[in-house]
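The basis for the numbers below is simple: all heavy atoms, side chains too, and nothing from hydrogens, waters or symmetry mates. What you are looking at is a predicted structure, and each value in this text was computed from that prediction instead of being measured.
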Amino acid sequence: MARTSEPRARHHGRDLAMPPGSDPDALSRRLRRAHEEFLASGATDAPLRDVVRESWERSLADGLDPETDLPRITLDDDALREIREHHPLAAGLPVIRRLLVESAGEAGLLVAVSDAAGQLLWVEGAASLRSRAESMHFVPGADWSETSAGTNAPGTALAIDRPVQIFGPEHLGRQVTPWSCSAAPIHDPDTGAVLGVLDVTGGPEVATAQGLGFVRATAAAVEAELRIARLQPATAPLHVTSGWSAPRLDVLGVHGATLQVGPLTSRLSRRHSELLLLLSRAPDGMTAAELGVALSDDDQAPVTIRAELSRLRGVLGPLELASRPYRLRSAVRTDVDEVRDLLREGRLRSAVAAYRGPVLPSSSAPAVEELRDDLHLELVSALLACDDADALLSFADTPHGREDLGVWSRALEILPASSPRHAQVAAHVEKLDRAFG
């Protein structure tokens, strides 16, 4: 079950940057005075919302210079393209565009989606506003976490893991004070982990109760869309798809593999999944006796293996299975190959995204168990040797990484103390340390 946020009613008053009936001009003047006092002395006696005061203090403690610093551009075009391609929130973009982006463009607003590290992945909306926003680095590839950008709705929402509005001078960075924004985190429907943040940026109207309501509702709709997608089977038992593709076998995180050969896609039984996976990794073929040893410690009789292979031929479609020894006449690429290729290329984040779980997790075939353990060890070893906290946490937040003390400890080792996740990671490391004694 996804972790739920605190009840809305409990935070509603504090969430609103501009409560109903407020005079935007008077509020802006009062906040500008507080902003100037804080920049001059690091403190102010002016009334501020707690969420703003605490964020200002965190931002200064991180070494931010509010007078001159601009958010860092951390992703070049290639890195941005790679993260977008594999990021789980890409599946929610149609919902965001339908519910927010279309109306935002007409209203002269921007809609942005960040990852869990605060890096903007998509910024859409009015073209004229996007051009203006470039001057403050509000662009895809920029880091809008509090550490990089100071107080702002997406960065602060990420830091405290709840919806946030920031009105004009409540922004700490001077270049951002003409803008207002409302943002809400989007959570993984299974683990509750923060996947990223949805933000709307524009003028004072964004900081109203209605503005925050739209963002909350859209974030909830995206989470619901992700939940529904995961409840649906990956494929039907057998169906036809358009287009042509080379033979592909997906075995990660599923009890029955999915095979695609040209226009045919089929879902295999566990035994057929095991057989086809083993044959895909043996270009020179395997005898029935070799397959029997690979599939069972009981050394299954060759006649039993031959019968299974005969039934397997019936679901392979145009993929030919030859005999003496048994071998596939066409190379079959697997998602195991994809993960290993990404690891060899040093594309760790993509490898984590492609690793959807252990190889055929319900299989007890010795050869499958060996492959399962080897791949998992390769990925974890690469993670333990890296300095990419986002890749580590992306793996740690999955069901197959949740109990890995080594990965969580490595994440804690490289996370800065100012990171919004530092306390949570430290607590989880302590919990695992106690559990494993």
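Electrostatic pairing of Arg344 and Asp337 does not count as a salt bridge here, judged by no charged N lying under 4.0 Å from a carboxylate O. The existence of a salt bridge linking Glu82 and Arg349 is excluded, since no basic side-chain nitrogen approaches an acidic carboxylate oxygen closer than 4.0 Å. Salt bridge status for Arg174 with Asp69: absent, with no side-chain N to carboxylate O gap under 4.0 Å. Taking the charged nitrogens against the carboxylate oxygens, Arg81 and Asp78 do have a contact shorter than 4.0 Å, which makes a salt bridge. The pair Arg130-Glu134 does not count as a salt bridge, with every side-chain nitrogen at least 4.0 angstrom from each carboxylate oxygen.
Residues Gln165 and Ser182 have side chains in contact (heavy-atom distance under 4.5 Å, counting atoms from C-beta outward). With a 4.5 Å cut-off on side-chain heavy atoms, Leu279 and Leu309 count as touching. Put simply, the side chain of Leu316 reaches to within 4.5 Å of the side chain of Leu276, judged on heavy atoms. Between Pro71 and Asp143 the shortest side-chain heavy-atom distance does not fall below 4.5 Å. Counting heavy atoms from C-beta outward, Leu321 and Leu328 have side chains that approach closer than 4.5 Å. When side chains are defined from C-beta on, Asp188 does not count as touching Pro88, because their heavy atoms never get closer than 4.5 Å.
At a cut-off of 3.5 Å, with distance as the only test, no side-chain donor of Arg72 or Thr147 sits close to an acceptor on the other residue. Checked by atom type, the side-chain pair Glu146/Ser55 shows a donor-acceptor distance below 3.5 Å.
The aromatic rings of Phe395 and His376 sit tilted, their planes meeting at an angle between 30° and 60°. Note: His428 and Trp408 have tilted aromatic rings, judged against thresholds of 30 and 60 degrees for the angle between ring planes.
Annotation for Ile73 and Ala142: closest pair CD1-CB, 3.7 Å, computed over non-hydrogen atoms.
To the nearest 0.5 angstrom, Arg97 atom CZ is 10.0 Å from Glu102 atom CD. Rounding to the nearest 0.5 angstrom, the gap separating the CG atom in Leu268 from the CG atom in Leu275 is 10.0 Å. With rounding to the nearest 0.5 angstrom, the CD atom of Gln424 is 8.0 Å from the CG atom of Leu393. To the nearest 0.5 Å, atoms CZ (Arg84) and CH2 (Trp122) are separated by 6.5 Å. Rounded to the nearest 0.5 Å, atoms OG (Ser296) and CZ (Arg271) are 7.0 Å apart.
Around OH of Tyr326, the count of heavy atoms belonging to other residues, nucleotides or ligands within 6.0 Å exceeds 12. More than 12 heavy-atom neighbours from other residues, nucleotides or ligands sit within 6.0 angstrom of CG on Asp76.
Among the candidates Arg340, Arg356, Arg248, the single residue satisfying the side-chain hydrogen bond (donor to acceptor under 3.5 Å, both in side chains) test with Asp335 is Arg356.
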